[in-house]
Amino acid sequence: MIEGNPTVFIVDDDASVRDALKRLLRSVGLRCELFGLAQEFLRYRRPDLPSCLVLDVRLPGTSGLDLQRQLADAEIQIPIIFITAHGDIPMSVRAMKAGAVEFLPKPFRDQDLLEAIHIAMERDRTRRQRETEIAAVRARFETLTPREREVVAMVVSGMPNKRIATEIGITENTVKVHRSRAMDKMQALSLADLVKMVERLAIRLEKAS
Amino acid sequence: MEVILTACDGSLVDVEAIAIPISWNGAPAMEVVLRDIRRRKQAERRLRESEDLFEKAFHSNPAGVAISRASDGRYVEMNNTFGAIIGYTRQEVIGNSAVGLGLMSAGKRELYAAELREQGRFRDSALVVKNRAGEERHLLVSGEAISFHGEPHYVVTYNDITENKRAEEALRTSEREQFEIAKQLEIERARLIEAQAVAKVGSWEIELRSLAVTWTEQTHRIFETDPFHFRPKRSDFVGLVHPEDRRTVDAAFRASLEKHASSSQVEYRIVLADGRVKVLEEHWKVFEEEGHPVRLMGTCQDITERKRAEQALRESQAELARITRAVTVGELTSSIAHEINQPLTAVITDVSASLRFLDQEPPNLQEGREALVVAIREANRASDVIGRIRSLLRKTPPAMQPLDISGVIVEVLLMVPGELQTRGITVKTELAAFLWVLGDRIQLQQLLLNLILNAIEAMSTITDRPRNLLIKSAELPDGVLIQIQDSGKGLSSELANRIFEPYFTTKSQGIGMGLSISRSIVEAHGGRLWAVAGSPYGATFQFILQRAGSPHD
């Protein structure tokens, strides 16, 4: 899958810090977008690209931690690297528990930030890839007939064909046909492959509910 | 008849010439006998002279003398003094008696008479008689029995000691009075000594003509000198004064004499023999006579303990102020950390970026250079912040110097941008340019910081109106006025006074020292600090400081 230019979003109220970060990222060839306030970032229409967020904790108005919560609530999954000039341990624990990639006290070493950005980008890429895959699986899953879905559900839960036939009230051969067609539609190479796909879907579905 | 003849040698000769009629040859004749009577004449003259002398001695005798007959006590002779003593004339006295004149009783006279009969005399007998005017005369009487014209008489002399007696009496009275006064003085003195000891106040006196110096016991006690052996002289005093204070003391005394100041005071140190130092305070007055200073009288108090207590108080206040400052700083820690870490972050990031640009193939010199320029600027910003914080935390004694108070206000505002920003406070300043006051920069910074933080806090709960902080500085005819006005919850007029009391606080987290310390800082600068409730909300804290000349004048 071909990705667009990864972008680092930076939210910090200190212009000098923002500019310095932009310069640093430019020196390693990373694109970035700068914001002085959390609200500005929320209003910004992000392009669908791999990205991560370098976020200052202490901001006028909505704080960094508030923004993290608002993003989670809106199901916007962007890896966050917190930077702070007056961080304490409870604050960093809270941020990390809420899924932050890294919590860097200012001033930090450039390698530490770049490493964190690298990890965050990898995480975002992985997530995006997984999401793409899930979307594909879902699309394929949606081509299945109701009967085929019913059979697949029973197959992945480990029921033998004979038992499935008895449960639904059809012949064992008919079960085999449904199963084979579903495998084809889902592009599953093996039973194990099919199980994995369905599990992923189930997780995604559960999360959405 | 007596005649004086001239002798052959020319001298005069007294002679008695007796002429006897005789018949000389039948014819009547006169026989004249001349007798040399020079001796007799001489004796007569001597007698006359002696009588004159006696007469004079008798009458001019300061003692009264009277001669009376022993048989009936009648006076036969008296002198003028006697008359003066008893107030009777010669005519009244001669032929009368002492008893008759009522000078003494018959019994009394008999006692004297008996003494004279038996002993022939008496000496210095005290007698009180009443004179003609009825006044008592105190007499010392001496008597002698004599024979006069063959008859026993008494010569009695009267020494009038009434005046002596009176003087003696007066003397006795005045002695008693003096004794009483002396006793009273002694009591007063004891009281004074006690009071001086209790109050630790001694007193002293200098006679300017003789330069005689008098110290009270307490003064000796203060100087730790022996009142019985140490006689203070000016040079001794100067020797005790701390060398560094001699000039001050000298100038103070000189000024009081020159200006005829009615009261003066000086504070100085003395160094005792064992090297201990005491702090003394003296008050004195110059006393003048005919426009010239003649005497200095003053008190001398040992204020070492007071000074020590004051010093301790000042130190503990300074310590407390420092602690409060530290607490304030603690409250501000996050803000300060932010203030320092922001520029440091920028510096480190900029330099890192620069290195990366320079490491590129080929090196990106322009980007690398730009990053370094920015880094320098940010490093200076960090350094400024550290400088401000260090001055905030430094434990130094107050150092008064001419300061531009408007400049100090700006410095303090630079310490709190985080606080102002996160609380959404709009700051407005109306500052007069170059308002010079004499003050301690750090203390005034702390003062302003306290007041500004209070204002910020007062507005933190306000949601229905803008949070505005207005800081003004203005010149007054005799000082400089600084006002810090907020749009916060305000305060009642009762609160406006109480908030300056130590340990009074309206804050859940406060220790109630901020405004109390703020006020002592202002007062230490000779100014005053007070609060005015705003209408309908808000409060203005304002203080006046004394003006100072510009250091460049």
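In what follows, chains are A, B, ... by sequence order, proteins preceding strands, each numbered from 1.
Interface residues of residues 533-542 of chain B toward chain A, defined by a heavy-atom distance below 4.5 Å: none. Residues from residues 345-358 of chain B that place a non-hydrogen atom less than 4.5 Å from a non-hydrogen atom of chain A comprise Thr345(B), Ala346(B), Ile348(B), Thr349(B), Asp350(B), Ser352(B), Ala353(B), Arg356(B), Phe357(B), given in numerical order. Residues of residues 465-472 of chain B lying under 4.5 angstrom from chain A, judged on non-hydrogen atoms, do not exist.
Residue Pro79(A) comes nearest to Val101(A) through the heavy atom pair CB-CG2, 3.5 Å, listed as atom of the first residue, atom of the second, then distance. The two residues Leu191(A) and Met183(A) come nearest to each other via the heavy atoms N-CE, 3.8 Å.
Remark: Arg163(A) CZ is loosely packed, at most 12 non-hydrogen atoms of other residues, nucleotides or ligands lying under 6.0 Å away. Crowding of Gln111(A) atom CD: a count of heavy atoms from other residues, nucleotides or ligands under 6.0 Å exceeding 12.
We find that Glu131(A) and Arg128(A) are not joined by a salt bridge, their nearest charged nitrogen and carboxylate oxygen being 4.0 Å or further apart. A salt bridge links Glu122(A) to Arg125(A): at least one charged side-chain nitrogen sits closer than 4.0 Å to a carboxylate oxygen.
Judged by distance alone, with hydrogens and angles left aside, the side-chain atoms of Glu148(A) form a donor-acceptor pair with the main-chain N or O of Thr145(A) at under 3.5 Å. In terms of modelled atom types and a separation under 3.5 Å, the side chain of Gln68(A) and the main chain of Ala95(A) share a donor-acceptor contact.
In this structure, chain B has no heavy atom under 4.5 Å from any part of Leu104(A). The parts of Arg26(A) that come within reach of chain B are both its backbone and its side chain, each placing non-hydrogen atoms under 4.5 angstrom from that chain.
Checking Arg46(A) against Thr7(A) by side-chain atom types alone, no donor-acceptor pair falls below 3.5 Å.
Each ring pair (Phe, Tyr, Trp, His ring centres under 6.0 Å) pair with one or both residues in residues 38-69 of chain A, not counting sequence neighbours, appears once here: Phe9(A)-Phe41(A), Phe9(A)-Tyr44(A), Phe35(A)-Phe41(A), Phe35(A)-Tyr44(A).
Among the candidates Lys106(A), Lys22(A), Arg58(A), the single residue satisfying the salt bridge (charged side-chain N to carboxylate O under 4.0 Å, His left out) test with Asp12(A) is Lys106(A). A side chain to side chain contact (heavy atoms under 4.5 Å, CB included) with Gln70(A) holds for exactly one of Leu42(A), Leu65(A), Ile76(A); it is Leu42(A).
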